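Encoded as C-alpha cells, the structure appears first; notes follow it.
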Amino acid sequence: MTNGRGLTSQSQDFSAWYNEIVQQAELASQSPVRGCMVIRPYGYRIWELMQGALDGMFKATGHQNAYFPLFLPKSSLDREAEHVEGFAPETAVVTHAGGAQLEEPLVVRPTSEAIIWPILGDWIHSYRDLPVLLNQWANVVRWEMRTRPFLRTTEFLWQEGHTAHASETEAEEETRRMLGVYRTFMEEWMAMPVITGLKTDSERFAGALRTYACEALMKDNKGLQAGTSHNLGQNFARAFDVRYQTEEGEHVYVWSTSWGVSTRLVGGLIMTHGDDEGLILPPKLAPYEAVIIPIWRNDEQRGVVLEAASRVRADLEAAGVRVHVDVREGMNPGAKYYDWERRGVPVRLEVGPRDVEAESVMAVRRFVPQATDRKTQLPMSGAAERLRAMLVTIQDELLAAARDRRESATVRGLEDYSEFRSLMEEQGGFAYTGWCGDSGCEQKVKDDTKSTIRVIPDEEFRSEDVPVHCLCGAPSMCEVVRARAY
RNA sequence: CGGGGAGUAGCUCAGUCCGGCAGAGCACUGGCUUUGGGAGCCAGGGGCCGCGGGUUCAAAUCCCGCCUCCCCGACCA
C-alpha cells in the first residue's frame, strides 16, 4: 500500500491506493467492456447492505418500488429539450436487434424520466391519484469518457425515486425530504459526513428546476457528489403532458421530483475511511462485523479451539451480529489477520488455546482512534453484548473521525483569489467563499483552478461570518462551498 | 481527440538494446511438516510472447501496419 500521508498531495498515489483496495479487498474487477465493472461478491454484499437500509427508509417515507424498462424510444428522450441536451451525448443507442435494423433506435436508459413519465401519464388523472411515490432499483448506462471503479462506471447500479405531486410546495418538500434521507443514511450508516445544499445552474440536473446534493470530502481532499435530489417543477409534466384534474375541475400539470444514489457510494466509503492497510468498513455496512480466527498448535487444541469458536459464533449470531469463522487450513493466523484487515472487517476475534483456557476471546479493532486500546479481552460468556457495544462505539468514532478530518480540511471566509488558487493547487479541501452569482465567473474559477462550486450550502452549514465579496471581487450574492471533485 | 507509458503464465513483471530451447516471484494442484502477525521443503500443472505482414537458417527480440489497455488532459447532473 502507498503511504497514507502522501494521499492528500499526490493524487496519483491516491489513485493507485484506491485501485489497490478495490482489487485486494475483492470488491470489484475490470470487465472486458471498456468502463464497465464486475462487482464481486464481497463488494456486492456492501451494496446489498446499503440497499437494505435505504429501501427501508424509502418505505418509511411512503414510497413503493416498481420497475420500468431498460430501453426507451429515442423520440421519448427528445421530448424534454434540456434533458436530451444533457444526456444525449453519453447515451448508448441500440440500432439493430433481432437481426434487423430497428425502425426507431432504442436508447439504453441513462436515467428513467423519459420512460417513466409517458407511463405515469396514464396512471394519473385526478388529484385523488396524487401523490405518486415510486422508487426503482436498476442499472443505467452513461457513456462517460473516463471511468473509475465505483466512482464513475459506464454501467452502474442505483436507485432512482420518481414522484408526482399536486403542488409545487409538496414537490419541494419531497425533494428536501429525500435529500434529508440521504444525509441520514450517509452519516448514520456510512459514517460519512456530508454538506447539503443547492447546486448552481451549471451543475443542475438536465431538466430540473433545482438540484440539491449531498457533498462529502474524500481523504485526498477532493469532493464527492454522493447523492442528488431534484425538484423537476412541471418540466417533465409539460414535456410528457401529465395533467390531473383538480377538485375544482381544472386540468393542471403535476409537479415532480427525482432523486438517486448509486454504487458510487461504495467508492465514497472506501475513500472516506480506508487507510494504508486497506479498507475500513463501518460496522453497519460490513458484510462481517466480526471474524473469528481460531488458533491452534496441534490436533487436540484444534478440536477444542474450533469447538469454542463455534460456540462464540452461535452466541454472536443469536445476538444478531454478522460473523464469520475463518477455518481455512494451511494459512497462518497472521495471514488471516492481514486478509481481513485488507477487507475492512471492524473487529477480529482471536480464539486460541490461551483464550479457551481463560474463557475469553481477544477482540482486536480495525479502526483505532488515538488513546484507544486496539485489543480488548472479552469474557467468552457475554462476549456478544460487549461486542455489540464495541461495534456501536466504532460506528460513532468513524463518523467523528471523518468529520474531524473534513473540518481540518475546510477553510472559511477566503476572499483573496490567489490564496484560493494556491489552496486548491496544494491542499485541496472544502473552501467556503462568496459568489457573485455570475456563471461566467463560476466557469473562470473552474478553468483556473479545476475546482467547482459543490453546493450553495444549507443554512446549518453556513459560516457565521459570510464573505461579502466573491473571489472575483464583486459583491457576494451567497456563500458557496468550492472544491476539486470526482 | 492530444501528451506519456505498457501489452510475455491467473497476477506482478524480467527477457527485447546485442535474434539462437519461454523465464522468475506470487497464486494454483499433490505430499509432508507447520499455525498467537503475511509458513517451510519436495513434486507438479499452466503460454497464439496483443494481432497481421515482412526480413532471416532462426523472431518475444529487428522492420512495417493495426489493435487494446493504463496514466495525465479534454468530457462528466
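Quick caveat, the model's predicted, so the values are computed rather than measured. Residue numbers begin at 1 in each chain, while the letters A, B, ... track the order of the sequences.
- Here rA27(B) presents its C1' atom at 14 Å from CZ of Arg328(A), a figure rounded to the nearest Å.
- When the C1' atom is compared between rG46(B) and rU35(B), the two are found 29 Å apart, to the nearest whole Å.
- The same atom, C1', is picked in rC26(B) and in rG40(B); the two are 16 Å apart, to the nearest Å.
- One N or O donor and one acceptor, one from the side chain of Glu341(A) and one from the base of rG37(B), sit under 3.5 Å apart.
- The shortest heavy-atom contact between Asp275(A) and Trp17(A) is O-NE1, 3.0 Å.
- For the pair Gln23(A) CD and rC69(B) C1', the interatomic distance rounds to 13 Å; values are reported in whole Å.
- OP1 or OP2 of rG73(B) has at least one side-chain nitrogen or oxygen of Lys450(A) nearer than 4.0 Å.
- To the nearest whole angstrom, the two P atoms, one in rU8(B) and one in rG2(B), are 25 Å apart.
- Using a 4.0 Å heavy-atom cutoff across all strands shown, Pro89(A) reaches no nucleic acid atom at all.
- Taking atom P on both nucleotides, rA22(B) is separated from rC49(B) by 10 Å, rounded to a whole Å.
- Base pairing annotation: rC32(B) forms a Watson-Crick or G-U wobble pair with rG40(B), both donor-acceptor distances under 3.5 Å.
- No engagement by Arg454(A) is indicated, since no non-hydrogen atom pair under 4.0 Å with the nucleic acid exists.
- Arg484(A) and Glu425(A) are joined by a salt bridge, as a carboxylate oxygen and a charged side-chain nitrogen come within less than 4.0 angstrom of each other.
- Side-chain atoms of Arg348(A) stay outside donor-acceptor range of the base of rG36(B), with no qualifying N/O pair under 3.5 Å.
- If you check every strand for non-hydrogen atoms under 4.0 Å, Glu350(A) touches a base.
- Between the C1' atom of rC1(B) and the CD atom of Glu144(A) lies a distance of 17 Å, rounded to the nearest Å.
- A straight line from CZ of Arg152(A) to C1' of rA74(B) spans 13 Å, rounded to a whole angstrom.
- Look at CE on Met145(A): it is 8 Å from P on rC76(B), rounded to the nearest Å.
- Base-pair partner of rG73(B): rC1(B) (Watson-Crick or G-U wobble, both distances under 3.5 Å).
- Atom CG in Asp447(A) sits about 14 Å away from atom P in rG73(B), given to the nearest Å.
- Between the side chains of Gln23(A) and Asn19(A), no donor-acceptor pair is found at a separation under 3.5 Å.
- rG45(B) and rA27(B) have their C1' atoms separated by 13 Å, with the value rounded to a whole Å.
- Going from the P atom of rG53(B) to that of rA60(B) covers 14 Å, rounded to whole Å.
- When Watson-Crick and G-U wobble pairs are counted only if both distances are under 3.5 Å, rC66(B) pairs with rG50(B).
- Here Gly86(A) lies out of heavy-atom contact (under 4.0 Å) with every strand.
- A distance of about 43 Å separates the C1' atoms of rG37(B) and rC21(B), rounded to the whole Å.
- In this structure, rC18(B) makes no Watson-Crick or G-U wobble pair, since no nucleotide meets both defining distances under 3.5 angstrom.
- Applying the Watson-Crick and G-U wobble criteria (two distances, each under 3.5 Å), rA60(B) pairs with nothing in any strand.
- For Asn332(A) and rG37(B), a side-chain-to-base donor-acceptor distance below 3.5 Å is absent, hydrogens and geometry of angles not being considered.
- Each of Glu160(A), His63(A), Gln159(A) was scored for a side chain to side chain donor-acceptor pair (under 3.5 Å) with Asn135(A), with one residue passing: Gln159(A).
- Using modelled atom types, no side-chain atom of Asp373(A) and backbone atom of Lys375(A) make a donor-acceptor pair closer than 3.5 Å.
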Item to check | salt bridge (charged side-chain N to carboxylate O under 4.0 Å, His left out) between Glu26(A) and Arg343(A), worked out | outcome: CA-CA 8 Å; Glu26(A) 294 183 7; Arg343(A) 291 163 175 261; 2.8 Å; yes
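- Between Tyr338(A) and rG38(B), a base-stacking contact is recorded: ring centres under 5.5 Å apart, planes less than 30° from parallel.
- Between Arg297(A) and rU35(B), a side-chain N or O to OP1/OP2 separation shorter than 4.0 Å is present.
- If you take CD of Glu85(A) and C1' of rC75(B), they are 15 Å apart, rounded to a whole angstrom.
- Candidate nucleotides rC71(B), rG36(B), rA39(B) were compared by shortest atom distance to the side chain of Ala335(A), and rA39(B) ranks first.
- When each of Glu174(A), Glu113(A), His162(A) is paired with Ser258(A), the side chain to side chain donor-acceptor pair (under 3.5 Å) condition holds for Glu113(A) and for no other.
- If you measure from atom CZ of Arg484(A) to atom C1' of rC76(B), you get 17 Å, rounded to the nearest angstrom.
- When heavy atoms are screened at a 4.0 angstrom cut-off, Asp355(A) is found touching base atoms of the nucleic acid.
- Applying the Watson-Crick and G-U wobble criteria (two distances, each under 3.5 Å), rG25(B) pairs with rC11(B).
- Rounded to a whole angstrom, the distance from the C1' atom of rG10(B) to that of rC28(B) is 8 Å.
- With rounding to the nearest 0.5 angstrom, the CD1 atom of Ile116(A) is 10.5 Å from the OH atom of Tyr67(A).
- Using N1 to N3 plus N6-O4 or O6-N4 for Watson-Crick, or N1-O2 and O6-N3 for G-U wobble, each under 3.5 Å, rU55(B) pairs with nothing.
- Judged by closest nucleotide on RNA chain B, Asp339(A) is the one of Asp339(A) and Tyr486(A) placed further toward the 5' end.
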